[in-house]
Every structure is written in C-alpha cells, then in structure tokens.
Novice: 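Sharing a structure below in structure tokens format, with a few things to ask.
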There are 2 protein chains.
Amino acid sequence: MRAINRFNVLDTIRRAGSIARIEISDRTQLSTTTVSAITASLLDDGLILARTEGDLREAATRGRPRVMLELNPRAARVVGAKIAANRMVFVVTDFCGEVLSTLTLALRVDRQPIGVIADLIEDGVRRCVVDANLALDEIDSVCLGLPGVIEHRTGHVRTSPIFRESGVDFAKEMSERLGVTTIVESDAHAITLAHHWFGKARDLDDMVLVSLEQTLGLGVLHGGQLFRGAGGLSHNLGDLTLGIGPQGTVRLASLAGESAILGDQPSGRFAEAIRLGRGMAHAKTLIDAEDNALIGAAIRAGEACGMALANIVTLFAPPRVILVGSSLALGQPFLDSLREAYSLAIPPSIKGVTELVFDQSTDETWAQGAAVVALRELYESPWGTTGPAPAL
Amino acid sequence: MRAINRFNVLDTIRRAGSIARIEISDRTQLSTTTVSAITASLLDDGLILARTEGDLREAATRGRPRVMLELNPRAARVVGAKIAANRMVFVVTDFCGEVLSTLTLALRVDRQPIGVIADLIEDGVRRCVVDANLALDEIDSVCLGLPGVIEHRTGHVRTSPIFRESGVDFAKEMSERLGVTTIVESDAHAITLAHHWFGKARDLDDMVLVSLEQTLGLGVLHGGQLFRGAGGLSHNLGDLTLGIGPQGTVRLASLAGESAILGDQPSGRFAEAIRLGRGMAHAKTLIDAEDNALIGAAIRAGEACGMALANIVTLFAPPRVILVGSSLALGQPFLDSLREAYSLAIPPSIKGVTELVFDQSTDETWAQGAAVVALRELYESPWGTTGPAPAL
DNA sequence: GGTATTTTTATCGGAATGCGAATTAAATAA
DNA sequence: TTATTTAATTCGCATTCCGATAAAAATACC
C-alpha cells in the first residue's frame, strides 16, 4: 500500500523533473501530510534530492518558497541494450534515465551460437560500464532488448531472429555471467517505454507503438503499464496473417519485414550493405534514385503495414500510435502507401480516434528504453527495507 | 483499500459458492483476523449469509466446525438484457447472478428510431421485472448488452447495427426512462463475463472470447478484468480488414457476418427465416441437406474467422479462446474450415499456448452476462456507507 | 461421562498508514 | 518591524492490517 504511493510519488517527481511537494499532493491526490512523509523517506533513502532554487513561478510571489524535489541521478545506474541482428547498442544511464555512456558495436550476430552472442553482449556491457567510469558492481540492473517473442516475467526467449535456438533462458544466462540482475525484454517494449518517458508519448498513459525493424513488434501501453499477453508474452506483429495462399500462410513479415523489402539472399544486391548494417539507408539512396523494383517493394510493404495497423487500431483504439523502426527510412513511397492503406482500412466508426505519429529514433533511444525497463523495476522495488544501497 | 479487500473477499465467496472464513484467508492471503472483520461487515450489510451445515470435508473431522459463508441472493436484484437485431432477451437475476425470470421478445428492431427501440426495451424490462414478482424500485441496476462499438464508461453507443443513429447516449436515455441506474455494454463483453462467472472460463483470469453473431465481437479478460481500449471502447472484429480489393476494403464482416453468410436482401431466400429470427437454424437445415451455395459461404466464413482468430491469438496469446454466437450453428463446414485456417495461420512460435473452445450458449446466457456486468459494479460499490439498502 | 485434542473463529494489542487541523517556516508587502 | 501569504511539518485521530492469544465447538480417548 505504502509501496504503491511511494511509487506514485516517485513517478510523479520523475515526470515533472522538478516539483514541489504541494504540487505532488495536487497531482497524486494524496494529502500534503502523506507526501511529506513519503518524500522524507525518499530523501532519507537518497532516491531524491531537494533544491531550494528552481521554483518556476516567477520569484515575485510571496510566501514560503517551494522546495523543489527531483530524482537523485546517482541513486542507481543501469545498463540498457538494444541487440539487433547486425548491431548492438549499449547505454549506461543514471537513475533519471540520462545516458552516461554509449557503445555501438556494428557486427552481425544472428544465427551465431548462443554462447558467442552472450560473449559479445557481456563484453559490450562491460566496456560500456567502463566507459562511464564505473565498475560492474556499481550497476544495479541490466536490461537487454531483443527482437522476438519474449516472456518478460521469466526472461525466456521463445523465439528470436538472432538466436538459432528457441526457448532460451537468456535472463538467467546473462545474470550469471554478469553477476548483475539482468532482465530480457522485447525491443518493442523497450522503445515503447522510452517514448513514454522521454519521447512522443510523455503525455499519454494509453498508446500503441509499432516497431518496423527486422522484426515487426508491438508495444501496448495501458494505464501507464505495458500490456503483456497472459504469461507476459511480447507480441510479434510479423506473425500476423494476411492470407492463406497456395504456398501456405502469407505473413506480414514476408511482405514488410526488412529482409522481405531488401531481399536477404547472400548474393542479393544488398548483401554487402546489410552486412554492414546499412541496409535501409542504402535502400533509401536507391529509392531516391528511382529504383523501381525497390520502390515497388516499399509500396507493398507500406500497404501491408497500413492494413495491419488499421486492424490493431480497430482492436485497441488508442489515442495515438507511434511508428518507429528502420523501415521508416525508406521514405515517401513506404510512408505514403502506409498512410493510404491505413486510411482505407480504418473503420469509419473509429476514424479520428487515433493519431498516427512517425518517429525515427536512434538506436541509442532503444537502448535507453531498455534502461527504462530496468529503472521501472527499481522504482517499484522495496528500497526502504533492503534494496540496493543507493550511491552516496 | 478496505474496499479492495472487501471486493476480493466477496468475489472469493462468489467463486466458491460456499466457503469457510479460513479458506477465504488461504485464498486471498489475508489474515484470518482481517477476513473475520470483513465478513462480519458483509454479514452486517446483508450481502452474505452464514450456514452451519454444508462443510464439504467429511463430517468425521474434529475441531470446531466451519461456518460456511455464501452470497445472500436477496441482497440485490438486477436486470440484464441482450438486445439483438431480431430479438431481445431479458433476465432478472439475484445477487448471485441466478436467473429469477426470463423474457424473450422475438421482434425485429434494427433501423427503427431510437425512441421505438427504447420503448420496446423499457417495456421488456418492466415486464420481466413483474414476471419475477418484483417492482422496478426493487431493482438495483440494469445492464443492456448491445452489439456494436460502445463506450462502457459513458454508456455512449458509437455505432450499433440496431441503431440508425450513431453516437447515442443510450445509458442516460434508459436510466431516465426506467428510473434505475442503467449500464450499456457490448454484448460480447457481457457474454465474456458470463463465461468467467458461470461458463467455460471459470478457472481463468485471462482469456479471449470471440462472438460470431450478426456482429463479430471480442472480449478480452486480463487479470480478471475486461480489457477495454483506451476510453473504454469495445472492440468490433467485423471491422478487421482482410485486404483491399478493387471494390475497396474487404472487412471480416463482409465474409463472416451473419448477413454475409445468409444474404440479407429483402428478397433473399432467407428473408422469411431471418425475419423470424431463425436464420442460422434454417441455414443449418439447408447445410445438412447439402445446399452447396450455403456450404461454400460457410466455408469461406470459417476460413476468414480462423485467420482473424489466429491474428488475435498472435496479439493476445491467451491460454484459452472461447468462440460463441449464432454462426457456430452452421456446423461442420464452418467449424472445420475455421479450425483448419486457424491452425495454418497460427504462428509456430505460440502453437500450443492457446486452447480453442466452442460454446453454443442460449440467449439467456448472454442476458445473464449483462446482469453480471451490473452485479460487478454493485460488488465494487461502497455498500458499507450509503449504498442501496439490502433486502431483508 | 469427563477431559484432552483439534480446528475454527473471535478478540486484544501493536504497528503502520493516511488525513484534517493546527503549527511552524520562510518568503514578500506594507 | 509587522502583517500577509504560501509551503511544509507536526499532532492527534481513525482505519486497517496483522500476530498472538483466547474462546468456541466439535471429536477422540480413557
């Protein structure tokens, strides 16, 4: 009970950045008494800091000046990572989610044995932590964002395009290697929370995010919480069926996945660019040069995505949908056909309910989102009793 | 806070039917002290009853015998209704959700003016209440289950096949007519809760229900709660897009809706049967007589539903999906093609996660589900203070 | 039949939590 | 310097939860 209120107060402080107690009391509907008690204990635990200056109301007001409270950035550090097929991005962030150091590794890891991938990730985490002038034992938690179908609760990777194996208990594996609590989460969920904390959904507690990368993912925010299917499964949009043809089931991934657009044969025209992790950027160049085959693929992908998107909006009716991912880099042909298919497919009855927003975030933002996943768990953990010791 | 625990205890008693305090304490993780206090207040308010006999453990145990607690059926009465295009079914239930009286009106109401429909519903409610030997002021709440897209929170009917108008504030309209709090809810949500309370999802707090009627609806139960889109919108599966063809968007409803299967031209072969509300039953007869046109329509509908179903399972990954609705009456051709399309379209990665269950409930069950919607709100309301006076 | 045992339920006291009212703190305005 | 204003804290009270203990109500044993 107190835990809930503590979390609410902490979250209110985080959202505001800097806020006075009385304002917290306003927003949380808690009495000033209770807010005082909770903030006292948060200060005591070193999770927040008090600052005398910084009152936004023009200083020309009378009365006792407000004491602004804000998160203590040094209360914790976490590592967030985006693991993709051809690159890994790591960030170390402080308790506010501010990035302290970044590390990008451009290397193709998919279909390597688990051990190799784990080695690379372990190495990346360690290097990024060193870059932040920290030691691994100063890190409170690690979160890895992977593509695929992942059970958040258990850290079980059911399927992922970067693993040959299915059903990998990756959270356990990495926790043991690093000696730090490690969470495994869908990359789409990570970027969803990144947008909720820092991006284009800061003002919303309900929204849907669609990620168009190698894998097509979905994040649903419902009441400020990630909506996870029963069992904490992440969603995999690429598995959505568009039709059943003579060659079997046609899935969204086969039309709109990165490999579907670029073609992933080792001898394909994009083989070199893909290997270097610049597939979509290269494709964009060719599209600008009016490469008709590619423009056609982009248009077909856009149509398929637009339709799938309309169906998702039909089911969830969120006030906003954010589209992210490397496929957006394909530019006009893709985006226009997506928008058009979407507006054709969206049922009239909920037209106007949902706003489409496109966002081209950097990979660092995705990694930061993973860090947010880790931070949220810290926020909810029972600090008061025997949590990780806050830094001085 | 106490309200939450009160609700939990009450719900535990409801689920068990008859249960001793110590067992409640076990299941809710509350101390026996707290359970005693809460049950005392529930007894005081007349919401539950104590019974000395009925202990299921063979009477040959020593120790103080358990006092079994159960809901007081007389603590409240509600009306639930299923309003469909060609029929209305009303039930009056007691506090346990047991049906006290039923009334079925077989009449075609769709496309009538709102006022006419409201008249008919008002009349049905009043007659059903009289049939239960009650007066309207003994009814605590009314819930109407309608097809369409409905905002539960506000009782706003955005679109419904039975209304010509869109954006009708129907809850307000009926509340004023009846002088009783009236809730408007999607019929799919009603039958979802009916299955949670009495039917094939009694054991589950997470599941998905798909209703295949004139309208194709969806109910998602998540953590024991109905999952409603932002804004409390109900879902409308019929609006799901299957593809964009030359004639515009092809929606699921156009292949799998009742009118798509039977044809709804006034001069159609089923016109008479539909008018009498026996469309699907009649269709079944013809299918059994090997009417090829109809069998073809049923197969196409089944395929479309199976595909849509697979997509829903991909998104929600529930442990169980319950399919209900009049279309199930089409029999083998429909069901077999549905199952086949489903198993082709379901992605391998989540094969085995979800169990399909078919259920042919009577309309009364749907109305009972609407009653459950009303009862759930009563359960959560603050009885202790100034709620509706419990019957003696 | 009387006492011990067992099991369930109720009671008592302590700890935690939240809130309203009153109080204190710290600034500006007069 | 004093009054006013606004923010934050302190005090006292009411809830509510829980653990420990006591009471209740049955059977088991001698």
Side-chain angles (χ1 to χ4, degrees), chain A residues 1-10 12-13 16 18-45 48-70 380 382-386, chain B residues 1-10 12-13 16 18-45 48-70 380 382-386:
Chain A
M1 173 58 153
R2 176 60 160 266
I4 296 170
N5 283 333
R6 251 178 94 97
F7 175 78
N8 279 335
V9 168
L10 199 55
T12 304
I13 295 172
S18 185
I19 190 174
R21 287 177 179 81
I22 193 163
E23 185 81 14
I24 298 173
S25 158
D26 261 17
R27 298 196 195 175
T28 60
Q29 307 280 35
L30 293 167
S31 70
T32 59
T33 311
T34 305
V35 171
S36 259
I38 290 174
T39 52
S41 112
L42 291 172
L43 281 165
D44 205 48
D45 292 344
I48 60 173
L49 297 173
R51 247 196 16 209
T52 317
E53 355 69 79
D55 190 342
L56 285 185
R57 304 169 310 160
E58 302 312 314
T61 42
R62 335 201 244 190
R64 178 174 176 172
R66 297 181 166 187
V67 177
M68 305 306 282
L69 302 173
E70 46 198 44
E380 289 176 25
W383 289 81
T385 55
T386 53
Chain B
M1 170 61 155
R2 178 190 79 239
I4 297 171
N5 284 332
R6 249 177 95 96
F7 175 77
N8 279 336
V9 168
L10 199 55
T12 305
I13 295 171
S18 184
I19 189 174
R21 289 175 178 82
I22 193 162
E23 184 81 13
I24 298 173
S25 160
D26 261 17
R27 298 195 194 173
T28 59
Q29 307 280 35
L30 293 168
S31 70
T32 59
T33 311
T34 306
V35 171
S36 257
I38 290 175
T39 52
S41 112
L42 291 172
L43 281 165
D44 205 46
D45 292 344
I48 61 173
L49 297 173
R51 248 198 14 213
T52 317
E53 355 67 82
D55 190 343
L56 285 186
R57 305 167 310 160
E58 304 310 315
T61 41
R62 1 193 224 186
R64 179 173 175 173
R66 297 180 166 187
V67 177
M68 306 305 282
L69 302 173
E70 47 198 44
E380 290 175 25
W383 289 80
T385 54
T386 52

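Quick note on labels: first sequence line is chain A, next is B, and so on, each numbered from 1.
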Novice: What is the distance, to the nearest angstrom, from the CD atom on B/Q29 to the P atom on D/dC17?
Specialist: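 These atoms are roughly 15 Å apart.
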
Novice: Could you tell me whether A/R6 and A/D45 have a side-chain N and a carboxylate O separated by less than 4.0 Å?
Specialist: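 Looking at A/D45 together with A/R6, the answer is yes, because their closest N to O distance falls below 4.0 Å.
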
Novice: Nearest heavy atom decides the nucleotide; on that basis, is B/A37 or A/I38 closer to the 5' end of DNA chain C?
Specialist: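 In this pair, the answer is B/A37.
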
Novice: For DNA chain D, whose closest nucleotide is more 5', that of A/A20 or that of B/T32?
Specialist: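 The residue whose closest nucleotide sits nearer the 5' end is A/A20.
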
Novice: Any heavy-atom pair between the side chains of A/I48 and A/E70 that's under 4.5 Å?
Specialist: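 Of all side-chain heavy-atom pairs linking A/I48 with A/E70, none is under 4.5 Å.
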
Novice: Roughly, in whole Å, what's the span from CD1 in B/I24 to P in C/dT7?
Specialist: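 My rounded result for the distance is 20 Å.
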
Novice: Within this structure, what is the CD-to-P distance between A/E23 and D/dA8, rounded to whole angstrom?
Specialist: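 Nearest whole value for this atom pair: 10 Å.
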
Novice: What does the list of N/O pairs under 3.5 Å between the protein and nucleotides 12-17 of chain C look like, with a distance for each?
Specialist:
from, atom 1, to, atom 2, distance (Å)
C/dT17, O5', A/R2, NH1, 3.3

Novice: Would A/I38 and A/R2 satisfy side-chain contact (heavy atoms from CB on, under 4.5 Å), going step by step from the backbone distance to the final call?
Specialist: CA-CA 8 Å; A/I38 290 174; A/R2 176 60 160 266; 3.3 Å; yes

Novice: Of the candidate nucleotides C/dT9, D/dC18, C/dA26, which contains the atom at the shortest distance from the side chain of A/P65?
Specialist: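 Closest nucleotide to the A/P65 side chain: C/dA26.
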
Novice: Backbone N or O of A/I24 within a donor-acceptor pair of the A/T28 side chain at under 3.5 Å?
Specialist: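 Yes, A/T28 side chain to A/I24 backbone: donor-acceptor pair under 3.5 Å.
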
Novice: Measure the distance from CZ on A/R64 to C1' on D/dA7 and round it to the nearest whole Å.
Specialist: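 Atom CZ in A/R64 sits about 5 Å away from atom C1' in D/dA7.
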
Novice: Base, sugar-phosphate or nothing for A/V67? Non-hydrogen atoms, less than 4.0 Å.
Specialist: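 The residue A/V67 makes sugar-phosphate contact but no base contact.
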
Novice: How long is the line joining CZ of B/R62 and C1' of D/dA24, in whole Å?
Specialist: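 Computing the B/R62:CZ to D/dA24:C1' distance gives 16 Å.
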
Novice: Is there a side-chain contact between B/V35 and B/S25 in this structure, where contact means two heavy atoms from C-beta onward sitting under 4.5 Å apart?
Specialist: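 With C-beta onward as the side chain, the pair touches.
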
Novice: To the nearest Å, give me how far apart CE (B/M68) and P (C/dT9) are.
Specialist: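 Nearest whole value for this atom pair: 9 Å.
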
Novice: Map A/G63 and A/S36 onto DNA chain D by nearest heavy atom, then report which one ends up closer to the 5' terminus.
Specialist: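 Closer to the 5' end of DNA chain D: A/G63.
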
Novice: Would you confirm whether B/T39, through its side chain, and B/S36, through its main-chain N or O, come within 3.5 Å as a donor-acceptor pair?
Specialist: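 Yes; judged by distance alone, with no hydrogens or angles, the pair exists.
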
Novice: Using atom CG of B/L30 as one end and atom P of C/dT9 as the other, report the distance to the nearest whole Å.
Specialist: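 About 15 Å, once rounded to whole Å.
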
Novice: In whole angstrom, give the distance that lies between atom CG of A/N8 and atom C1' of C/dG18.
Specialist: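 Checked: the CG to C1' distance equals 14 Å.
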
Novice: Could you tell me whether the side chain of A/E23 reaches within less than 4.5 Å of the side chain of A/R66, counting heavy atoms only?
Specialist: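 Of all side-chain heavy-atom pairs linking A/E23 with A/R66, at least one is under 4.5 Å.
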
